[in-house]
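Since the structure is predicted, the reported quantities are computational estimates derived from the model, not experimental observations.
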Amino acid sequence: MAAELTAHQLIEQHRPTLDQALEAIRTRAYWSPHPEHPKAYGENGSLDAAAGKAAFDALLGSRLDLGQPGTDDWVGGETSPYGIELGVTYPHADVDTLLPAMRAGQRAWRDAGAEMRAVVCLEILKRISDRTHEFAHAVMHTSGQAFMMAFQAGGPHAQDRGLEAVAYAYVEQVRTPDDAEWTKPQGKRDPLALTKRFTPVPRGIALVIGCNTFPTWNGYPGLFASLATGNAVLVKPHPRAVLPLALTVQVAREVLAEAGFDPNLVALAAERAGEGIAKTLATRPEIRIIDYTGSTAFGDWLEANARQAQVYTEKAGVNTVLVESTDNYKGMLSNLAFSLSLYSGQMCTTPQNLLIPRDGIRTEEGPRSYDEVVADLAKSVGGLLGDDARANALLGAIVNPDVKARLESAAGLGEVALASREIANPEFPDAVVRTPVIVKLDGAKPDDQAAFMNECFGPVSFAVAVDSAADAVALLRRTISSKGAMTVGAYTTSEEVEEAVQEACLEECAQLSLNLTGGVYVNQTAAFSDFHGSGGNPAANAALCDGAFVANRFRVVEVRREA
């Protein structure tokens with residue numbers, strides 16, 4: 001088909017945004033082109049709240065035909081954690097037909113160059129941004145996030161992470177010039193002269209294995225990093241969270257076609273119930289890059305078995321907060337309470353273990369014993385979630401039965417400092433909404449160690465009594481090195497303790513937040529500025545986003561000729 005989007009149009013429209021993104025990753029300052037507030041949408045072609053909700057409602061019970069080759073069936077079956085049947089069906093692919101079709105367009109995509117690929121990716125992100133309200137409902141009803149979180153984390157924050165990946169991909173590809181003239185003097189003889197051409201060459205087809213809790217936020221970095229570096233991308237969503245990534249694939253295919261490229265450069269791999277196609281796809285020889293977010297067991301399997309691919313994994317970890325002293329006791333409690341409650345603790349960055357000296361901590365209000373700190377934290381969480389309407393807006397819904405089972409069994413692991421309670425959601429009566437549980441454990445007891453040294457994903461936190469700050473730092477170090485951590489937090493007014501915690505995190509390669517008492521929380525990261533994960537401990541082998549995350553998605557091939 002004839003191109004409807006010319007290179008000139010795309011570069012003119014999106015090059016300024018790309019340049020701003022390049023400056024943002026250089027300075028690490030705050031910047032985002034995607035508005036966080038719902039009322040910012042509704043002009044210049046974007047959907048406002050009512051139109052976005054209507055667009056989502058129109059999807060329910062529909063068939064999402066992407067026009068992919070090799071479709072041999074239609075599959076679906078998503079049920080919202082809020083209790084409604086989505087009823088959307090998606091193309092099921094015969095991969096022996098789809099994968100060759102995806103490879104067919106890679107030459108033209110490769111030859112388009114880094115800038116053209118970048119601005120096409122930015123056009124995809126722009127169209128997704130225009131539909132943020134629609135995407136927010138799709139994320140909400142597949143992940144269980146409350147609407148405002150689904151809107152922000154599933155919308156602008158996810159789009160920021162995608163754009164960040166494009167910016168890093170562009171930087172790494174243009175690091176080497178396209179052409180070079182090479183001349184080597186030979187004394188009295190004529191110099192040796194060559195012309196050299198350097199081309200970023202994609203690895204092949206990239207596979208994105210989506211997660212249930214943050215389908216767009218975790219899916220976009222790998223998707224756009226691979227696409228911007230010239231690779232075709234096959235998106236395999238989590239079977240309970242297909243819709244947000246299916247809509248993403250739909251937008252990408254439309255933009256690619258309008259820009260004159262093969263739409264099959266991006267495709268969807270939805271699966272039948274119980275089919276489990278991730279292992280089959282991951283070991284196909286055509287798959288050369290894999291991005292995965294999920295359990296440690298399957299992440300380890302991918303790293304061990306998908307030997308033909310470059311594998312990027314974000315797995316489980318045991319996130320830890322050390323509480324030694326504070327000069328803002330109420331602020332600390334409030335900050336921790338919010339961190340433990342947000343999205344029912346169903347974030348890879350939510351704190352799990354709170355290490356507190358058994359002799360207590362120092363505060364600006366005087367000393368507080370271990371029991372007092374835990375009781376005050378429980379009271380702070382209870383106060384935050386005391387109003388059911390506010391609790392529903394913060395907690396969202398429990399994403400799957402496994403999380404509910406872990407929550408219920410956690411109460412039997414030790415003394416319960418804060419019991420979980422059930423909250424009704426008037427708008428969605430079938431939603432499973434639970435407040436967090438806090439359990440007191442002893443860091444010196446082997447049985448307790450067996451509980452808190454493993455991830456308990458969901459609204460479960462352990463208040464772990466330790467003998468001293470030094471013991472807390474040693475336990476923190478052991479936890480990061482053996483189990484991994486996406487985030488670490490610490491509260492201390494001691495320079496000595498701060499230095500010890502910082503050194504432990506530097507040596508064990510974990511991202512650290514110190515003394516957060518305001519509106520920034522340990523389980524939040526900002527694109528263009530914060531690194532999500534480090535790639536240096538067992539929780540993840542890559543960071544979102546740095547040069548290492550994109551640079552090995554392509555190789556530079558040189559062609560040289562005598563001048």
Side-chain angles (χ1 to χ4, degrees), residues 81-82 139-140 143-154 157 213-214 217 317-321 323 326 328-354 356 373-400 403-404 406-408 410-411 416-428 431-440 452 455-464 486-489 491 513 516-525:
Y82 289 95
V139 171
M140 173 183 176
S143 71
Q145 295 174 32
F147 177 77
M148 186 52 71
M149 184 176 186
F151 183 92
Q152 292 183 338
H157 297 171
T213 49
F214 289 88
W217 199 98
V318 177
N319 301 319
T320 302
V321 176
V323 182
T326 180
N328 186 349
Y329 188 57
K330 290 181 179 178
M332 179 191 79
L333 294 174
S334 176
N335 192 281
L336 282 174
F338 189 92
S339 295
L340 300 182
S341 303
L342 185 62
Y343 185 31
S344 301
Q346 298 170 126
M347 303 173 68
C348 61
T349 49
T350 300
Q352 174 179 299
N353 294 345
L354 310 174
I356 306 168
V373 172
V374 179
D376 289 343
L377 178 58
K379 183 178 179 181
S380 186
V381 174
L384 177 67
L385 303 176
D387 177 77
D388 283 3
R390 181 167 61 181
N392 275 307
L394 280 175
L395 295 170
I398 298 298
V399 70
N400 64 52
V403 174
K404 182 172 178 283
R406 281 192 292 270
L407 171 62
E408 292 171 345
V416 176
L418 176 67
S420 177
R421 71 182 181 93
E422 184 175 351
I423 294 178
N425 186 319
E427 187 178 359
F428 301 103
V432 177
V433 185
R434 299 288 189 276
T435 62
V437 63
I438 300 177
V439 179
K440 297 165 76 171
F452 68 72
E455 186 192 39
C456 191
F457 184 76
V460 177
S461 293
F462 301 116
V464 181
M486 294 300 293
T487 55
V488 173
Y491 290 91
S513 298
L516 298 182
T517 57
V520 175
Y521 305 95
V522 68
N523 42 354
Q524 296 173 322
T525 59

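- Side-chain atoms of Thr350 do not come within 3.5 Å of backbone N or O of Leu340 as any donor-acceptor pair.
- The structure places CG of Asn319 at 7.5 Å from CD of Glu455, a figure rounded to the nearest 0.5 Å.
- Across Ser461, Ser334, Pro351, a single residue satisfies side-chain contact (heavy atoms from CB on, under 4.5 Å) together with Ser339, and that is Pro351.
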side-chain contact (heavy atoms from CB on, under 4.5 Å) assessment of Ser380 paired with Leu336: CA-CA 9 Å; Ser380 186; Leu336 282 174; over 6 Å; no
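- Using a 4.5 Å heavy-atom threshold, the side chains of Tyr491 and Leu516 count as touching.
- A side-chain donor-acceptor contact under 3.5 Å links Asn400 to the backbone of Val403.
- No side-chain heavy atom of Thr487 sits under 4.5 Å from any side-chain heavy atom of Ser513.
- Separating the OH atom in Tyr329 from the OG1 atom in Thr517 is a distance of 14.0 Å, to the nearest 0.5 Å.
- Between Phe452 and Phe462, the gap from one ring centroid to the other reaches at least 6.0 Å.
- When atom types are taken as modelled, the side chain of Asp388 and the backbone of Ile423 share no donor-acceptor pair closer than 3.5 angstrom.
- With hydrogens and angles ignored, the 3.5 Å screen pairs no side-chain donor or acceptor of Tyr82 with any backbone N or O of Met140.
- Rounding to the nearest 0.5 Å gives a distance of 10.0 Å between CE of Met149 and CG of Leu394.
- The side-chain contact (heavy atoms from CB on, under 4.5 Å) test with Leu354 singles out one residue from Val373, Leu377, Val464, and that residue is Leu377.
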Walk me through whether Arg421 and Arg434 qualify under side-chain contact (heavy atoms from CB on, under 4.5 Å). CA-CA 6 Å; Arg421 71 182 181 93; Arg434 299 288 189 276; over 6 Å; no
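- Remark: side-chain polar atoms of Gln346 are paired, donor with acceptor, to backbone N or O of Val399 under 3.5 angstrom.
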Check the pair Tyr343 / Asn523 against side-chain hydrogen bond (donor to acceptor under 3.5 Å, both in side chains), numbers first and verdict last. CA-CA 11 Å; Tyr343 185 31; Asn523 42 354; over 6 Å; no
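- In this structure, the side chain of Gln352 engages the main chain of Cys456 through a donor-acceptor pair within 3.5 Å.
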Check the pair Met347 / Phe214 against side-chain contact (heavy atoms from CB on, under 4.5 Å), numbers first and verdict last. CA-CA 8 Å; Met347 303 173 68; Phe214 289 88; 3.8 Å; yes
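- Under a 3.5 Å cut-off, the side chain of Asn335 and the backbone N or O of Tyr521 do not form any donor-acceptor pair.
- Checked by atom type and distance alone, the side chain of Ser420 pairs as donor or acceptor with a backbone atom of Thr435 at under 3.5 Å.
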